[in-house]
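Quick notes on the structure that follows.
We use all heavy atoms of the structure for the numbers below, so side chains are in, but hydrogens, waters and symmetry mates are not.
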Amino acid sequence: MTKIVGHKGASGYAPENTLISFRTAITIGCNRVELDVRLTKDKQVVVFHDDEVSKLTNGVGFVSEMTLAELKKLDCEQDEKIPTLQEVIDVCKDKIDLQIELKADGTPEAVNELILKNDIQDQVVITSFQDYLLKEIKQLSPNLKVGLLFKTNEVMSEIWNLVDSVPLDFLAPFSGLVTKEFVDKAHSFGKSVYAYRVNEKELGDKLIKMGVDDIGTDFPKLFIKE
């Protein structure tokens, strides 16, 4: 049964990467929520996609150059605040699994500390577009499941060389790259496939038919019957 992963919570229905978005994904019945993490100037782990805040808040500046206190003064849509990873864990623990995307240097160690502190190793998988960040967190916690995100055919052709070197537990391609042959080959390697940006029902149904294990979507209601 293909698992439905709410992208940035349930970002088609609520402001992305906010507590209301994660609560919405839980209410809808997603199997997992995906979220992005960065480090503040004072080395706190916050849940935020962009490196700069102006697109999603009423402020300006780079996350890495602002303290947590400064970031907490900013407003996202619907008067939501930028949450810390700990705040998201508090909302999701024992209710829904987490898929944490490492967006920046320094995040592997800080994220691993919070995973251990909250004893949620079995409720978390890790992704990144940067294989070195996955290697770092895998060295810290070998039992954590990690997957490489990618969106080009060049990486897709090289992915089989990275499977063992990271090592990867699953592969996370852009949905438009996925073929039945790719899914079958991944499964033959003992790796599952997570396809991201699946925002049309027709595409999702096609991927599910191919045998994709998990799909990431902004609109989980497309695939979950109420």
Checklist entry - Where is the tightest heavy-atom contact between G147 and L134, given as atom of each residue plus distance? => result O-CD1, 3.5 Å
Item to check | Heavy-atom side-chain proximity of L71 to F48 below 4.5 angstrom | outcome: no
Checklist entry - Which atom pair, heavy atoms only, marks the closest approach of A14 to I20? => result CB-CG2, 4.0 Å
Checklist entry - Is V183 linked to L149 within one hydrophobic cluster, defined over Ile, Leu, Val, Met, Phe, Trp and Tyr using a side-chain heavy-atom separation of less than 4.5 Å? => result yes
Checklist outcome for this item: NZ of K73 to CG of L68, rounded to nearest 0.5 Å, is 11.0 Å
Checklist entry - Within the distance-only criterion (no hydrogens, no angle test), does the side chain of K191 pair as donor or acceptor with the backbone N or O of L168 below 3.5 angstrom? => result yes
Item to check | Smallest separation among heavy atoms of P220 and I28, with atom names | outcome: CG-CD1, 3.9 Å
Checklist entry - Is the side chain of K41 donor-acceptor paired with the backbone N or O of V63 at a distance under 3.5 Å, no angle test? => result no
Checklist outcome for this item: Smallest heavy-atom separation, P173 atom then Y194 atom, equals CD-O, 3.1 Å
Checklist entry - Under the side-chain contact (heavy atoms from CB on, under 4.5 Å) criterion, do V178 and M210 qualify, and how do the steps go? => result CA-CA 9 Å; V178 181; M210 286 181 193; 4.0 Å; yes
Checklist entry - Between the side chain of R197 and the main-chain N/O of F174, is any donor-acceptor distance below 3.5 Å? => result no
Checklist entry - Roughly how far, to the nearest 0.5 Å, is the CG atom of N112 from the CD atom of Q139? => result 11.5 Å
Checklist entry - Heavy-atom count around E202 CD within 6.0 Å, excluding the residue itself: above 12? => result no
Checklist outcome for this item: In this structure, OG of S141 is separated from CD of E136 (nearest 0.5 Å) by 13.0 Å
Item to check | For F182, ring pair (Phe, Tyr, Trp, His ring centres under 6.0 Å) partners two or more places apart | outcome: W160
Next on the checklist: So does P15 get a backbone contact from the side chain of T18, meaning a donor-acceptor N/O pair under 3.5 Å?
Outcome noted: yes
Next on the checklist: Would L35 and L85 count as a side-chain contact (heavy atoms from CB on, under 4.5 Å) here? Give the steps.
Outcome noted: CA-CA 9 Å; L35 55 119; L85 179 55; 3.8 Å; yes
Next on the checklist: When you group the ILVMFWY residues by side-chain heavy-atom contacts below 4.5 Å and let the links chain together, are I82 and F62 in the same group?
Outcome noted: no
Checklist entry - Linking I/L/V/M/F/W/Y whenever any side-chain heavy atoms sit under 4.5 Å apart, do L114 and F22 land together? => result yes
Item to check | Within-4.5 Å side-chain heavy-atom neighbours: D97 and V125 | outcome: no
Checklist entry - Does the N31 side chain pair with the main chain of I4, one donor and one acceptor, at a distance under 3.5 Å? => result yes
Checklist entry - When rounded to the nearest 0.5 angstrom, what is the spacing between CE in M66 and NZ in K72? => result 12.5 Å
Checklist entry - Given N118 and Q86, is the side chain to side chain donor-acceptor pair (under 3.5 Å) satisfied, shown in steps? => result CA-CA 9 Å; N118 289 278; Q86 183 61 59; 3.0 Å; yes
Next on the checklist: If you count heavy atoms of other groups shown closer than 6.0 angstrom to NZ of K81, is the number above 12?
Outcome noted: yes
Checklist outcome for this item: For Q121 and L116, the nearest pair of non-hydrogen atoms, with its separation, is NE2-CD2, 3.3 Å
Checklist entry - Is the backbone of V5 close enough, under 3.5 Å, to the side chain of Q99 for a donor and an acceptor to pair up by distance? => result no
Item to check | Connected via hydrophobic side-chain network under 4.5 Å: I100 and L140 | outcome: no
Next on the checklist: Under a 3.5 Å threshold, yes or no: a donor from one side chain and an acceptor from the other, between E158 and N161?
Outcome noted: yes
Next on the checklist: Please check: side-chain N/O of E80 versus main-chain N/O of E77, any donor-acceptor pairing under 3.5 Å?
Outcome noted: no
Checklist entry - If we only count heavy atoms from C-beta on, is the D169 to S192 side-chain gap below 4.5 Å? => result no
Checklist entry - Donor-acceptor pair, N58 side chain versus D75 backbone, under 3.5 Å? => result yes
Item to check | K151 to F129, cation-pi by 6.0 Å centre distance and 45° axis angle | outcome: yes
Checklist entry - Honestly, is K201 close enough over F223, meaning NZ or CZ under 6.0 Å from the six-membered ring centre and within 45° of the axis? => result no
Checklist entry - With a 4.5 Å limit on heavy-atom distance, are the side chains of K103 and V37 in contact? => result no
Next on the checklist: Could you tell me if the side chain of L171 sits less than 4.5 Å from the side chain of L148, heavy atoms only?
Outcome noted: no
Item to check | The single option from V166, L102, D131, L133 passing side-chain contact (heavy atoms from CB on, under 4.5 Å) against V146 | outcome: V166
Checklist entry - If we only count heavy atoms from C-beta on, is the V88 to P83 side-chain gap below 4.5 Å? => result yes
Checklist entry - Same cluster or not: are Y196 and I159 linked, directly or through other Ile, Leu, Val, Met, Phe, Trp or Tyr residues, by side-chain heavy atoms under 4.5 angstrom apart? => result yes
Checklist entry - Heavy atoms, side chains only, cut-off 4.5 Å: are S175 and L207 in contact? => result yes
Next on the checklist: Contact between I115 and L144 at the side-chain level, heavy atoms closer than 4.5 Å - yes or no?
Outcome noted: yes
Next on the checklist: Could you go through T67 and T40, starting from their C-alpha distance and side-chain angles, then the distance that decides it, and tell me whether this counts as side-chain contact (heavy atoms from CB on, under 4.5 Å)?
Outcome noted: CA-CA 5 Å; T67 65; T40 64; 5.8 Å; no
Checklist outcome for this item: Interatomic distance, CG@D184 vs CZ@F189, rounded to 0.5 Å, equals 12.5 Å
Checklist entry - Do D105 and Q130 have side-chain N/O donor and acceptor atoms under 3.5 Å apart? => result no
Next on the checklist: Which heavy atom of A110 sits nearest to which heavy atom of L39, and what is that distance?
Outcome noted: CB-CD2, 3.9 Å
Could you list the donor-acceptor pairs under 3.5 angstrom formed between side-chain atoms of residues 212-219 and any protein atom two or more places apart in sequence or on another chain?
unit_1 : atom_1 : unit_2 : atom_2 : d
D213   : OD2    : H187   : NE2    : 2.8
D213   : OD2    : V193   : N      : 2.8
T217   : OG1    : V198   : O      : 2.7
T217   : OG1    : N199   : OD1    : 3.2
T217   : OG1    : F219   : N      : 2.9
D218   : OD1    : H7     : ND1    : 2.6
D218   : OD1    : S11    : OG     : 3.0
D218   : OD2    : N199   : ND2    : 3.1

Checklist entry - So, S128 side chain and E101 main chain: donor-acceptor pair closer than 3.5 Å or not? => result no
Checklist entry - Are any side-chain N or O atoms of S21 and backbone N or O atoms of Y13, one a donor and one an acceptor, separated by less than 3.5 Å? => result no
Next on the checklist: side-chain contact (heavy atoms from CB on, under 4.5 Å), that's the test. Do V155 and L177 meet it? Break it down for me.
Outcome noted: CA-CA 11 Å; V155 178; L177 295 177; over 6 Å; no
Checklist outcome for this item: Interatomic distance, CG@D119 vs NZ@K93, rounded to 0.5 Å, equals 6.0 Å
